[in-house]
Amino acid sequence: MPRRYWLLKTEPETFGWDDLIRSKDRTSMWDGVRNYRARNYMRDEMKIGDGVLFYHSNCKPPHVAGIARVVREGYPDPTQFDPASPYHDPESRPEKPRWYLVDVEAVRKLERPLSLAELKETEGLESMKLVKRGMRLSVQPVTGEEWKIVVALAKKPAP
DNA sequence: GCCAACGTTGGC
DNA sequence: GCCAACGTTGGC
């Protein structure tokens, strides 16, 4: 089974790379995702050991900050059952949960942040979902080739 | 099941 | 702050 790769978007104001590093075991639940396609990826397709590009959105500039990995596979997002949580979903029942998540663990920070603008200009990433306009999905598959290019790009000096 | 209205995302 | 893209809602 070949390892797969993903990109997870997060707003650094809400939960950023430094928050993941400060988490116990540098690991966190990826909670609060309320989109069915993203849910399906986490519930059905993300496997232990899969690589994750940790992407900061809604900041200046938006960028990939680090590399993480999946350490626990799809299970129900507990925040959906918590009335005090902003992610509470009153229509979801514990016997038939609507929302799933995975746990991710920080692997390492990139040598330098890779801005969206730079990724857009990088050869080989033209069809990466992230660089497509209007791509809002917060959990995206990344191809092995794209992963290699991104990891190698971070080792090069900033343009 | 269609689709218009509306809300959210998120880069710019 | 703007606005394009896109998901969701709800009337029919």
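Each chain gets a letter, A, B and so on, in the order the sequences are listed, and its residues count up from 1. Heavy atoms only: backbone and side chains are in, while hydrogens, waters and symmetry mates are out.
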Closest to the A/Ser57 side chain, choosing from C/dA4, B/dG11, B/dT9
B/dG11
To the nearest angstrom, the CD-P distance between A/Glu118 and B/dC12 comes to 14 Å
Flag the pair A/Trp99 / A/Tyr75 as yes when their ring centroid distance falls below 6.0 Å, and as no otherwise.
no
Rounded to whole Å, CD of A/Gln140 lies from C1' of C/dA5 at a distance of 14 Å
Please report whether the ring centroid of A/Tyr100 lies less than 6.0 Å from that of A/Trp30.
no
In whole Å, what is the span from the CZ atom of A/Arg39 to the P atom of C/dT8?
10 Å
When we call it a touch if two heavy atoms are under 4.0 Å apart, what does A/Arg34 touch: a base, just sugar-phosphate, or nothing?
nothing
Closest non-hydrogen contact found for A/Phe81 with A/Pro97 is CZ-CB, 3.9 Å
Return the value, rounded to whole Å, for the distance between atom CE of A/Met135 and atom P of B/dC12.
15 Å
Taking the minimum atom-to-atom distance to the side chain of A/Arg136, which one of B/dG11, B/dT9, C/dA4 wins?
B/dT9
Side chain of A/Asn35 only, please: which of B/dC12, B/dG10, C/dG7 is the nearest?
C/dG7
Might you confirm whether atom CD of A/Glu126 has over 12 heavy atoms from other residues, nucleotides or ligands at distances under 6.0 Å?
yes
Take a 6.0 Å sphere around CZ of A/Arg26 and say whether it holds more than 12 heavy atoms from other residues, nucleotides or ligands.
yes
Counting heavy atoms from C-beta on, name the nucleotide in C/dA4, B/dG10, B/dG11 closest to the side chain of A/Glu11.
B/dG10
For A/Lys60 and C/dG1, what is the distance between atoms NZ and P respectively, to the nearest whole Å?
11 Å
Whole Å only: how far is the CG atom of A/Leu137 from the P atom of C/dT8?
10 Å
Is there a side-chain contact between A/Tyr36 and the phosphate of C/dC6, meaning an N or O under 4.0 Å from OP1 or OP2?
no
Between A/Lys120 and B/dC12, is there a side-chain N or O to OP1/OP2 distance below 4.0 Å?
yes
To the nearest Å, give me how far apart CH2 (A/Trp99) and P (C/dG7) are.
12 Å
A/Lys129 NZ to B/dG10 P, in whole Å, measures 16 Å
Has A/Arg37 got a side-chain N or O lying under 4.0 Å from the OP1 or OP2 atom of C/dG7?
yes
